[in-house]
Amino acid sequence: MSTTPDDAVRAYVEAHRAAFLDDLAAWLRIPSVSADPGRAGDVRRSAQWLVDKLQATGFVTAEVWETAGAPAVFAEWPSGDPEAPTVLVYGHHDVQPAALEDGWHSEPFEPRVHDGKLYARGAADDKGQVLFHTLGVRAHLAATGRTAPAVNLKLLIEGEEESGSPHFPDLVRSRADRLRCDAVIVSDTGMWSADTPTVCTGMRGLADCQIDLYGPDQDIHSGSFGGAVPNPAMEAARLAAGLHDADLRVAIPGFYDGVVELTDRERELFAELPFDEARWLRTAHSHATLGEAGFTTLERVWARPTAEVNGIGGGYQGPGGKTIVPASAQLKLSFRLVEGQDAEKIQQAVREWVAKRLPAGIRHEITFWGATRPCLTPLDHPALRSVVRAMGRAFDKPVRFTREGGSGPAADLRDVLGAPVLFLGISVPSDGWHAPNEKVELDLLMKGVESAAYLWADLAEHWKVPVAG
């Protein structure tokens with residue numbers, strides 16, 4: 001058990017709760033929408049606000065890091081203990097676009113507290129979950145009597161995550177020496193529910209593309225020429241229909257090469273979660289589950305690779321009929337990837353698969369929009385055990401395990417820095433990330449503060465790093 005006193009942490013957090021929420025509200029008022037060029041100044045203002053707050057918190061170093069796009073924030077607070085592990089916290093300070101007319105009950109950039117919830121764009125994704133580390137480290141110091149954290153603490157808070165992190169890999173590579181660490185803590189994630197605290201242990205990767213198909217040089221009469229020349233819209237449909245076999249496994253040769261399969265223990269951990277399929281379907285606005293044979297719904301969305309048709313089109317789309325063979329068609333596909341898959345190899349496999357399936361007379365172009373690599377945390381890693389213990393103390397409940405079906409830049413940190421990635425987040429599904437009326441549960445936010453306060457001492461106690469030389 002870590003030596004950080006629980007009562008002392010909770011007393012400090014409660015005493016400073018109001019001031020912390022005032023700070024968060026001030027930050028949330030800055031509309032740091034990275035996707036809107038007109039908000040570039042606000043994104044920069046958000047970064048500087050965070051630098052000022054981190055300096056006031058006690059971080060020895062806090063500075064804006066420029067990129068070719070929006071600025072990031074870096075901060076560092078050395079422990080002073082030569083055996084202390086170095087931990088890098090990742091999050092982002094940019095937010096999704098939001099406007100009152102989108103369906104918000106109040107102005108999205110004017111924080112509102114109602115019934116124990118704080119409503120504002122960025123409240124959960126991700127400003128609230130970034131800022132809880134400032135109060136968490138102060139509570140850690142107050143409860144332990146330390147003047148510096150028990151770990152060498154670093155923060156990297158990105159400014160373009162909501163725009164796809166286009167410059168993040170280059171930033172990490174160019175600043176790798178400053179970012180060097182023993183573990184990465186990602187606070188841009190969530191939990192199963194308020195009653196079931198969980199730790200995420202992995203995120204899927206992503207590769208997505210657009211396939212443009214061209215046949216005749218113009219739309220032509222389907223009576224005069226149909227059935228005698230290739231039809232791009234028909235070929236787009238054949239490609240889409242051929243993506244999966246009868247068991248709904250992806251039919252592209254080589255797609256599953258290297259896939260790290262679920263262990264029996266991981267399947268048991270997923271099965272421990274109180275999964276209600278009917279409720280999940282309501283959340284998905286869908287009417288039945290369907291997917292790869294031999295796997296549960298949670299296993300399909302968390303731990304299996306997928307291929308999805310995101311859009312398909314071509315030919316006449318207006319009212320009534322128009323009897324043509326269209327000149328072109330388009331297919332948009334996305335592939336979620338799991339540990340062991342290589343995005344570049346998947347892209348090449350898709351290119352070869354498409355080329356072999358198209359008949360003569362159909363020209364095609366494939367455009368891929370970059371790639372995100374998958375990321376998986378080993379269940380036996382000592383840092384993961386520390387995260388679980390810290391959250392267990394904060395929530396006073398057993399902590400379960402999940403994965404995330406979506407994708408993010410965590411693998412860039414792991415691959416460049418050579419450090420395992422852990423996830424510490426307190427958001428719940430009802431928080432409405434990217435949606436109108438985004439909110440964060442204030443009591444859960446304070447549990448995030450507590451978890452961070454317990455984590456640093458626990459890591460230092462259970463994970464000593466050998467001293468070089």
Side-chain angles (χ1 to χ4, degrees), residues 34-35 43 47 50 63-76 85-95 125-126 129-130 133 153-190 200-209 258-260 302 305 334-347 368-378 381 383-384 387 403-425:
S34 60
V43 178
L50 181 57
E63 54 198 36
V64 172
W65 277 4
E66 299 295 343
T67 74
V73 170
F74 173 77
E76 185 172 13
T86 298
V87 180
L88 174 69
V89 173
Y90 167 85
H92 62 91
H93 68 94
D94 65 319
V95 299
D125 182 23
D126 183 35
Q129 300 201 94
V130 167
H133 285 284
L153 187 57
K154 300 180 181 181
L155 272 67
L156 178 61
I157 310 303
E158 187 188 356
E160 294 184 307
E161 194 275 345
E162 299 293 9
S163 297
S165 302
H167 304 103
F168 188 70
D170 287 341
L171 175 66
V172 175
R173 285 190 289 266
S174 65
R175 301 279 193 161
D177 288 344
R178 298 280 303 276
L179 295 172
R180 196 66 60 196
C181 60
D182 299 300
V184 176
I185 301 290
V186 173
S187 284
D188 183 25
T189 186
C200 177
T201 62
M203 299 185 75
R204 293 194 293 186
L206 173 66
D208 56 343
C209 68
V259 164
V260 175
W302 287 348
S334 64
F335 303 90
R336 297 289 175 171
L337 312 178
V338 300
E339 189 75 356
Q341 288 180 296
D342 183 292
E344 292 184 359
K345 291 182 179 178
I346 294 298
Q347 292 178 358
F368 278 92
W369 297 295
T372 302
R373 293 184 295 282
C375 185
L376 186 64
T377 306
H381 197 282
L384 177 60
V387 172
R403 291 195 198 176
E404 171 58 58
S407 306
D412 292 315
L413 293 165
R414 179 199 62 186
D415 294 348
V416 174
L417 303 179
V421 172
L422 299 310
F423 297 86
L424 173 59

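Both backbone and side-chain heavy atoms feed into the values below; hydrogens, waters and symmetry mates do not.
- Checked by atom type, the side-chain pair Glu158/Ser165 shows a donor-acceptor distance below 3.5 Å.
- The CD atom of Glu162 sits 4.5 Å away from the CG atom of Asp125 when rounded to the nearest 0.5 Å.
- Here the side chains of Pro305 and Gln341 are in contact, with some heavy-atom distance below 4.5 Å.
- Side-chain atoms of Gln129 do not come within 3.5 Å of backbone N or O of Gly425 as any donor-acceptor pair.
- No hydrogens or angles considered: nothing links the side chains of Arg180 and Thr86 as a donor-acceptor pair under 3.5 Å.
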Criterion side chain to side chain contact (heavy atoms under 4.5 Å, CB included) on Cys200 and Glu404, from CA distance to verdict: CA-CA 7 Å; Cys200 177; Glu404 171 58 58; 3.9 Å; yes

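- Summarising the geometry, atom CG belonging to Asp412 is positioned 7.0 Å from atom CZ belonging to Arg173; distances are rounded to the nearest 0.5 Å.
- Here the CD1-CZ distance, from Ile346 to Arg336, works out to 14.0 Å after rounding to the nearest 0.5 Å.
- Ser407 places a side-chain N or O within donor-acceptor distance of the main-chain N or O of Arg204, the cut-off being under 3.5 Å.
- With 3.5 Å as the limit, one finds a donor-acceptor pair spanning the side chains of Ser34 and Ser163.
- Annotation: cation-pi geometry satisfied between Arg175 and Trp65 (NZ/CZ under 6.0 angstrom from ring centroid, within 45° of ring axis).
- For an aromatic pair to be called close, the ring centres must be under 6.0 Å apart, and Phe168 with Tyr90 satisfies this.
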Apply side chain to side chain contact (heavy atoms under 4.5 Å, CB included) to residues Glu63 and Glu76 and explain how you reach the verdict. CA-CA 9 Å; Glu63 54 198 36; Glu76 185 172 13; over 6 Å; no

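- For Ala410 against Phe423, the heavy-atom pair with the smallest separation is CB-CZ, 4.3 Å.
- Across all non-hydrogen atoms, the minimal contact from Val184 to Ala419 is CG2-CB, 4.4 Å.
- The pair Arg403-Glu339 fails the salt-bridge criterion, with no side-chain N (NZ, NE, NH1 or NH2) lying under 4.0 Å from an Asp/Glu carboxylate O.
- Checking Glu161 against His92 by side-chain atom types alone, a donor-acceptor pair falls below 3.5 Å.
- The number of heavy-atom neighbours closer than 6.0 Å to CD of Glu344, taken from other residues, nucleotides and ligands shown, is 12 or below.
- Note that CG of Leu156 and CG of Leu179 are 5.5 Å apart. Values are rounded to the nearest 0.5 Å.
- Here the side chains of Leu384 and Thr201 are in contact, with some heavy-atom distance below 4.5 Å.
- To the nearest 0.5 Å, atoms CE (Met203) and OG1 (Thr377) are separated by 10.5 Å.
- Val43 places a side-chain heavy atom less than 4.5 Å from the side chain of Pro71.
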Verdict with supporting geometry, Leu153 and Val89, side chain to side chain contact (heavy atoms under 4.5 Å, CB included): CA-CA 8 Å; Leu153 187 57; Val89 173; 4.1 Å; yes

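- Phe335 and Cys209 get closest at one heavy-atom pair: CE1-SG, 4.3 Å.
- Side-chain contact between Thr67 and Asp170 is absent, with no heavy atoms from C-beta onward closer than 4.5 Å.
- Counted by atom type alone, Asp208 and Ser334 present zero donor-acceptor pairs between their side chains at under 3.5 Å.
- The side chain to side chain contact (heavy atoms under 4.5 Å, CB included) test with Leu88 singles out one residue from Leu155, Val421, Leu413, and that residue is Leu413.
- Closest of all the heavy-atom pairs between Gly69 and Glu160 is CA-OE2, 3.2 Å.
- Of all the heavy atoms in Pro374 and Val338, the pair that sits closest is CG-O, 3.2 Å.
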Side chain to side chain contact (heavy atoms under 4.5 Å, CB included) for Leu422 and Val186? Distances and angles first, verdict last. CA-CA 6 Å; Leu422 299 310; Val186 173; over 6 Å; no

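- Taken from CG in Leu424 to CD1 in Ile185, the straight-line distance is 6.5 Å, to the nearest 0.5 Å.
- When all heavy atoms of Ser187 and Asp126 are compared, the closest pair comes out as O-OD1, 2.5 Å.
- Here the side chains of Leu417 and Cys181 are in contact, with some heavy-atom distance below 4.5 Å.
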